[in-house]
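Structure record follows, encoded as structure tokens.
Computed from a prediction, not measured in an experiment: that's the story for all the values here.
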Amino acid sequence: MNKLMKGIVFGGLAAAVVSGATLAGAAQSTANNTAASTKAQSKNLIVLIGDGMGPAQISAARYYQQYTKSVSHLNLDPYYVGQATTCADRGEDGGKIVSGIVTDSASAGTAFATGHKTYNAGISVSNEDVSKPFASIIEAAESSGKATGLVTTARITHATPAVYASHVRSRDNESAIASQYLESGVDVLMGGGKQFFVTKEEKGKRTDKNILPDFQAKGYTVVENTAALNALTSKNAKVLGLFGSSHVAYVPDRTAEIPSLAAMTSKALNILSADKDGFVMMVEGGRIDHAGHANDLPTLVQEALDFDAAFKTAIEFAKKNGNTSVVVTADHETGGLSLSRDNIYEINIDLWDKQKHSSESLAAALEAAQTPEEIRSIVTQNTWITDLTDEEVTQIMNGDGSSYKREGAYNAVISKRLLIGWSGHGHSAVDVGIWAYGPIADKVKGQVDNTQIAKAGAGILGLDLNKRSAELQSKYLYPKFKISRDNEVLYPAEALAKALGGTYKGDAAAAKLTLAKNTIDVNLSAKTANLNGKSADYTVDVDNGVLYLPLSAFSKLKGANLTWDSLSERIQLR
């Protein structure tokens, strides 16, 4: 599916959504940002997100530490202050509910980055046919002169980092996210995702621009391994760290060339803290979520501990610095993890560190296996299991019926032996924890909505999210759109006319769009249009009762040269 056609799918999703009608939505618009009128209480802010890190994931990591390492608690534990709801805006696609109480990382990330709810897949845009961009706390910090950074073990273009410095209708548009980072002003970007910054080839033809030289031209030092990361100093004010073509390797699969999340966090803090105006940074343990999706508990625990070590780095900096707030939460829980099963009042924690590598590293070999002996050999080489039963072998060879196939079935076998369970491979709607230090802690205590994370952060820094959002909204709109048979981009006439400040009146036979002194009359039956009483050569398309027109029509209507950014799938207003 090409980038333009994606807009139809995800634009259609937004069209059916009841915007803002979530649990905390009623008070959202009025409470969102009075931050600018308050005095800053902290100079710096560190936000840490454990992607997919629900209560059971935290408990599992703690039990592992206690029973295998004799460590009584996680670094996070002393800073627990409350919990957050995670629900998204509701949405449907083809009659199927794809967005609602159960969120994805894009919607949840938009909430705790901008203070606004949106639909699943939306990256810091509103939940409308023609979406508006919402500014994040990182973007507001940029406008105030602070240094900013994004650090993750996922692709740097993945949903959670993306919500802080980009705006697209679909989280899948990662090439656009990478391109928008170039204009974002974010000083430090570290994670995986190199594939979205370099030239791609398809049958000998270049399909995506290599933008690494563009970053270098703007002063970014590009690093791709531990040695290069360690060589950086605070004088390297702008850094792009790309430690994998896709995601950063899981902890049990990493080589010495791949830095830990704590190492990335430490170096980012060293660079950002050199800014006299302060900084805002987000650190994500992105692969806790991925291990949860795969139902790979041993790997999940290692990822959670990697995140906890990064938190230790952040909290030690904050305490030493004396002018830094830290807040930690999760976007959602992943997998429906349960630390029990089969009515057995025990879990086999002593086996949790007996798996050598992640299930992801075995997936290709498991799929290629032709015989039960090959399956047994793969399992024996990676685990403690030397007595795999015929039933377990058959279970693995049959796959689990999900997209994880044999990997999913392998993890089901491992999970049963570990005496833990999963509800599936998706997200759940449970509340997630909040941990905090510094002035922000009092603003996120107790039971809060995830939008409060952004509001509290803006409040303690004295930032105005509304002002920054208004600036972005004066530049861009993100519309639902479709492509004609002649490969022309068409837009929903009523929604776009109103988004531009005009009016729309129409029925089954005709429509009238009015803005300023200009009017477009459309005969829906004849599929013809007039501009200010004169025939206009506009493509007229009616799809499921919705009128679509080309951008040239709206440019004439508004009396301005509107342009279409096909990569970011947005209209540039000026």
Side-chain angles (χ1 to χ4, degrees), residues 47-64 74 76 83-88 99 101-113 120-121 151-164 171 191-192 246-253 261 282-311 327-339 352 358-360 402-404 407-408 411 415 420-435 450 453:
V47 180
L48 295 104
I49 305 298
D51 199 315
M53 190 179 72
Q57 283 78 1
I58 287 290
S59 296
R62 186 185 303 108
Y63 281 134
Y64 177 85
L74 300 175
L76 279 169
Q83 60 185 26
T85 56
T86 62
C87 53
S99 177
I101 295 298
V102 181
T103 191
D104 78 339
S105 295
S107 174
T110 296
F112 54 63
N120 287 346
V151 177
T152 180
T153 51
R155 294 191 293 269
I156 192 63
T157 50
H158 219 230
T160 302
V163 298
Y164 283 94
R171 59 180 289 174
S246 184
H247 304 298
V248 177
Y250 280 126
V251 172
D253 302 335
L261 185 59
M282 187 284 298
V283 178
E284 182 199 21
R287 306 222 65 191
I288 303 169
D289 172 67
H290 301 160
H293 278 296
N295 295 172
D296 181 355
L297 180 74
T299 299
L300 183 153
V301 168
Q302 294 303 315
E303 293 298 316
L305 294 176
D306 189 50
F307 178 77
D308 192 51
F311 169 77
V327 62
V328 186
T329 190
D331 44 5
H332 50 73
E333 189 275 345
T334 301
L337 174 62
S338 63
L339 301 182
W352 287 11
S358 72
S359 66
E360 179 181 79
S402 78
S403 61
Y404 284 90
E407 180 189 358
N411 281 325
S415 294
I420 61 97
W422 306 88
S423 68
H425 291 293
H427 299 169
S428 72
V430 300
D431 290 351
V432 294
I434 303 175
W435 299 259
N450 55 3
I453 303 298

Just by distance, do the side chain of [X] and the backbone of [Y] share a donor-acceptor pair under 3.5 Å?
X	Y	result
Gln302	Ser358	no
Tyr404	Asn411	no
Asp331	Ile49	no
Asp289	Met53	no
Thr153	Gly286	yes
Arg287	Glu303	no

Ser415 and Asn295 side chains, donor-acceptor separation under 3.5 Å: no
[atom1]-[atom2] distance between [X] and [Y], expressed to the nearest 0.5 angstrom:
X	Y	atom1	atom2	answer
Ile58	Phe307	CD1	CZ	7.5 Å
Arg155	Thr160	CZ	OG1	11.5 Å
His290	Ser359	NE2	OG	12.5 Å
Tyr64	Leu297	OH	CG	10.5 Å

Can you check whether [X] reaches [Y] side chain to side chain, under 4.5 Å on heavy atoms?
X	Y	result
Phe311	Leu74	no
Val328	Leu76	yes
Asp51	Ile288	no
Glu360	His247	no

Considering residues at least two apart in sequence or located in another chain, which fulfil the ring-ring contact (aromatic ring centres under 6.0 Å, His included) criterion with His427? His293, His332
Go through the steps for Trp422 and Leu337 under the test side-chain contact (heavy atoms from CB on, under 4.5 Å), then give the verdict. CA-CA 5 Å; Trp422 306 88; Leu337 174 62; 3.8 Å; yes
Restricting to non-hydrogen atoms, name the atom on [X] and the atom on [Y] that form the minimum distance, rounded to 0.1 Å.
X	Y	answer
Val248	Gly192	CG2-N, 3.6 Å
Ala106	Ala159	N-CB, 3.8 Å
Ala294	Glu407	CB-OE2, 3.7 Å
Leu339	Ser59	CD1-CB, 3.8 Å
Pro161	Ile156	CG-O, 3.2 Å
Ala121	Asp104	N-OD2, 2.9 Å

All side-chain contact (heavy atoms from CB on, under 4.5 Å) counterparts of Val430, not counting sequence neighbours: Pro55, Glu333, Ser428
Those residues that, when tested against [X], pass side chain to side chain donor-acceptor pair (under 3.5 Å) (two or more places apart):
X	answer
Asn450	Lys117
Thr299	Asp296
Ser402	Asp400, His425
Asp431	Gln83, Gln447

Step by step, would you call Ile420 with Trp352 a side-chain contact (heavy atoms from CB on, under 4.5 Å)? CA-CA 10 Å; Ile420 61 97; Trp352 287 11; 3.9 Å; yes
